[in-house]
S.K.: 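Let me give you the structure first, and then I'll get to my questions.
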Amino acid sequence: MKFLNVFIITIISVLLFACGDSRGADKEEFAAAWAEEMGDDSAETGACVADAMSDALDDDAWALVMFEVRDDQEGGEAYVAENELVAEDFEEQFESALMSAMEGCAPEAG
């Protein structure tokens, strides 16, 4: 019986860990960069934009966004080359994701 309890707890722990947000740390970094760029009072908006952008972008596009956030142009170029991507192919995806995020995350006019 003890083994069964340990087994069940282990399985539940693995499932909870596996279901976590793999982009969570990136989204926090994105939100902090957004707040720094836009002003201290926009931290909540930055978190919203980070969530919306993350949801709208595929893994390669998100990786390229994070290279931009980190101001790592060389890393971004290396990522594009290593993965045989065409950076220009992502421009429309970025634009669409950002416009959608800005519309959905704009502070309500009071």
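What's counted below: heavy atoms across the whole structure, side chains too, no hydrogens, waters or symmetry copies.
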S.K.: Return the minimal non-hydrogen interatomic distance between Arg70 and Asp26, and the atom names on each side.
M.R.: NH2-OD1, 2.8 Å
S.K.: Which heavy atom of Cys48 sits nearest to which heavy atom of Gly104, and what is that distance?
M.R.: SG-O, 4.3 Å
S.K.: Between the side chain of Asp58 and the main-chain N/O of Asp60, is any donor-acceptor distance below 3.5 Å?
M.R.: yes
S.K.: Once you round to the nearest 0.5 Å, how far does NZ of Lys27 lie from CH2 of Trp34?
M.R.: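 So the NZ of Lys27 and the CH2 of Trp34 are separated by 15.5 Å.
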S.K.: Could you pull out the closest heavy-atom pair between Gly76 and Leu64, with the gap in Å?
M.R.: O-CD2, 4.0 Å
S.K.: Met99 and Val49: same hydrophobic cluster, using ILVMFWY side-chain contacts below 4.5 Å?
M.R.: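 Unlinked, Met99 and Val49 end up in two clusters.
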S.K.: Which heavy atom of Ala101 sits nearest a heavy atom of Met53, and at what distance?
M.R.: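 Closest approach of Ala101 to Met53: CB-CG, 4.2 Å.
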S.K.: Any idea which heavy atoms bring Ala50 and Phe30 closest together, and the distance?
M.R.: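 In this case the closest contact between Ala50 and Phe30 is CB-CD2, 3.4 Å.
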S.K.: Scan residues 73-101 for pairs that pass ring pair (Phe, Tyr, Trp, His ring centres under 6.0 Å), counting only residues two or more places apart or in two chains.
M.R.: Phe67-Tyr79
S.K.: So, Arg23 and Asp55, do they make that salt bridge, N to O below 4.0 Å?
M.R.: no
S.K.: Is atom CD of Glu68 surrounded by more than 12 heavy atoms (other residues, nucleotides or ligands) closer than 6.0 Å?
M.R.: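 It does not: Glu68 CD has 12 such atoms or fewer within range.
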S.K.: Do any pairs count as a side-chain hydrogen bond (donor to acceptor under 3.5 Å, both in side chains) and have a residue in residues 86-100, sequence neighbours left out, and if so which ones?
M.R.: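 Every candidate side-chain hydrogen bond (donor to acceptor under 3.5 Å, both in side chains) pair involving residues 86-100 fails, so no pair, neighbours aside, qualifies.
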S.K.: Measuring only between side-chain heavy atoms, which start at C-beta, is Met38 closer than 4.5 Å to Thr45?
M.R.: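 No. Closest side-chain heavy atoms not under 4.5 Å.
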